[in-house]
Amino acid sequence: GRNVHLTVAPIKNNSRFEWLIEKATELGVRSIRPILTARTEKQRLRIDRLKQISIAAMLQSQQVWLPKLDEPISISDHLMAMKSSRHQRLIAHCIDAERTDLSQLVLSDEVELLIGPEGDFSEFEISQALEAGYSPVLLGATRLRTETAGVVGSAWLRLQR
């Protein structure tokens with residue numbers, strides 16, 4: 001199957017972010033990396049609590065894989081680290097620019113999906129990501145909240161044959 005790596009900006013509402021961690025775990029996402037962006041309001045995460053939520057979700061859903069849950073990292077450090085990666089790199093943003101619908105992509109076995117904060121990535125962050133080899137994608141016709149985008153994108157990437 002395909003390995004999906006979710007990179008996502010934390011959101012203000014803890015319970016909604018915990019819901020995202022739970023659903024991503026149920027979907028069999030391989031890793032979850034919180035990133036700090038210019039518009040990320042929540043800078044601190046209780047990774048220990050998120051890991052407990054992830055373990056509970058793994059057991060409940062009989063998922064065989066516990067996602068690797070990273071400490072938060074700045075988006076610029078993350079993009080630098082990913083430049084040499086062999087992952088197919090996708091960024092979901094809301095700016096009205098050229099974006100490919102997820103359903104139109106030919107997907108590789110290792111895919112990373114980058115999801116922005118409430119209020120989206122800054123234009124600078126988007127251009128940095130494009131320079132780092134990210135392809136801009138669309139997750140459907142409507143503008144989704146961060147946690148919804150994370151679940152929709154993860155589900156699509158995991159279940160698409």
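These figures come from a predicted structure and were not determined experimentally.
For the pair Gln88 (side chain) and Val106 (backbone), a donor-acceptor distance under 3.5 Å is present. Gln160 contributes no side-chain N or O that, together with a main-chain N or O of Leu107, makes up a donor-acceptor pair within less than 3.5 Å.
Contact annotation: the side chain of Trp19 approaches that of Val151 to within less than 4.5 Å [non-hydrogen atoms, C-beta and beyond]. Looking only at side-chain heavy atoms (C-beta outward), Arg30 and Glu110 stay at 4.5 Å or farther from each other. The side-chain heavy atoms of Asp70 and Thr7, taken from C-beta on, include no pair separated by under 4.5 Å. A 4.5 Å side-chain heavy-atom check between Leu114 and Ile35 finds at least one atom pair inside the cut-off. Looking only at side-chain heavy atoms (C-beta outward), Gln60 and Thr25 stay at 4.5 Å or farther from each other. Counting only heavy atoms from C-beta outward, the side chains of Glu125 and Arg39 never approach each other to under 4.5 Å. The shortest side-chain heavy-atom distance between Ser122 and Thr37 does not fall under the 4.5 Å cut-off. Inter-residue side-chain proximity for Ile32 and Leu50 is flagged as unmet; no heavy-atom pair is nearer than 4.5 Å.
Shortest non-hydrogen contact noted between Pro136 and Glu98 is CG-O, 3.3 Å. In this structure, Met82 and Glu112 approach most closely via the heavy-atom pair CE-OE1, 3.2 Å. Of all the heavy atoms in Thr40 and Ala9, the pair that sits closest is OG1-CB, 3.8 Å. Among all heavy-atom pairs drawn from Pro34 and Ile47, the shortest one is CG-CD1, 4.4 Å. Scanning both residues, Ser54 and Ile21, for their nearest heavy atoms gives CB-CG2, 4.0 Å. Annotation for Ile115 and Gly150: closest pair CD1-N, 4.0 Å, computed over non-hydrogen atoms.
The pair Glu147-Lys23 fails the salt-bridge criterion, with no side-chain N (NZ, NE, NH1 or NH2) lying under 4.0 Å from an Asp/Glu carboxylate O.
Rounding to the nearest 0.5 Å places CD of Glu71 at 11.0 Å from CZ of Arg33. If you take CD on Gln52 and CZ on Arg46, they are separated by 10.0 Å, rounding to the nearest 0.5 Å. Considering CE of Met80 and CG of Asp77, their distance stands at 8.5 Å, rounded to 0.5 Å. Within the model, atoms CD of Glu22 and CD1 of Ile55 stand 13.5 Å from one another, a figure rounded to the nearest 0.5 Å. To the nearest 0.5 Å, atom CG of residue Leu66 and atom NZ of residue Lys68 are 11.5 Å apart. Taking CZ of Arg99 as the start and CD1 of Ile126 as the end, the distance is 8.5 Å to the nearest 0.5 Å.
Hydrophobic cluster membership is shared by Phe121 and Ile73, with clusters built from Ile, Leu, Val, Met, Phe, Trp and Tyr side chains linked at under 4.5 angstrom. Under the 4.5 Å side-chain heavy-atom criterion for Ile, Leu, Val, Met, Phe, Trp and Tyr, Leu79 and Leu130 are members of the same hydrophobic cluster. Ile91 and Leu105 are not part of a single hydrophobic cluster, where members link through side-chain heavy atoms under 4.5 Å apart. Val152 and Val111 end up in the same hydrophobic cluster when Ile, Leu, Val, Met, Phe, Trp and Tyr side chains are linked at under 4.5 Å. Under the 4.5 Å side-chain heavy-atom criterion for Ile, Leu, Val, Met, Phe, Trp and Tyr, Leu139 and Leu27 are members of the same hydrophobic cluster.
Remark: Asp109 CG is loosely packed, at most 12 non-hydrogen atoms of other residues, nucleotides or ligands lying under 6.0 Å away. The environment of CD in Gln62 is sparse: at most 12 heavy-atom neighbours from other residues, nucleotides or ligands sit within 6.0 Å. Within 6.0 Å of CZ in Arg16 there are more than 12 heavy atoms belonging to other residues, nucleotides or ligands.
In this structure, a donor-acceptor pair under 3.5 Å is absent between the side chains of Tyr134 and Gln128.
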Practice item. List the steps, then state whether side chain to side chain contact (heavy atoms under 4.5 Å, CB included) holds for Leu157 with Leu90. Key: CA-CA 11 Å; Leu157 293 169; Leu90 309 175; 4.1 Å; yes

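For the side chain to side chain donor-acceptor pair (under 3.5 Å) with Ser85, the qualifying choice from Lys83, His87, Arg89 is His87, the only one to do so.
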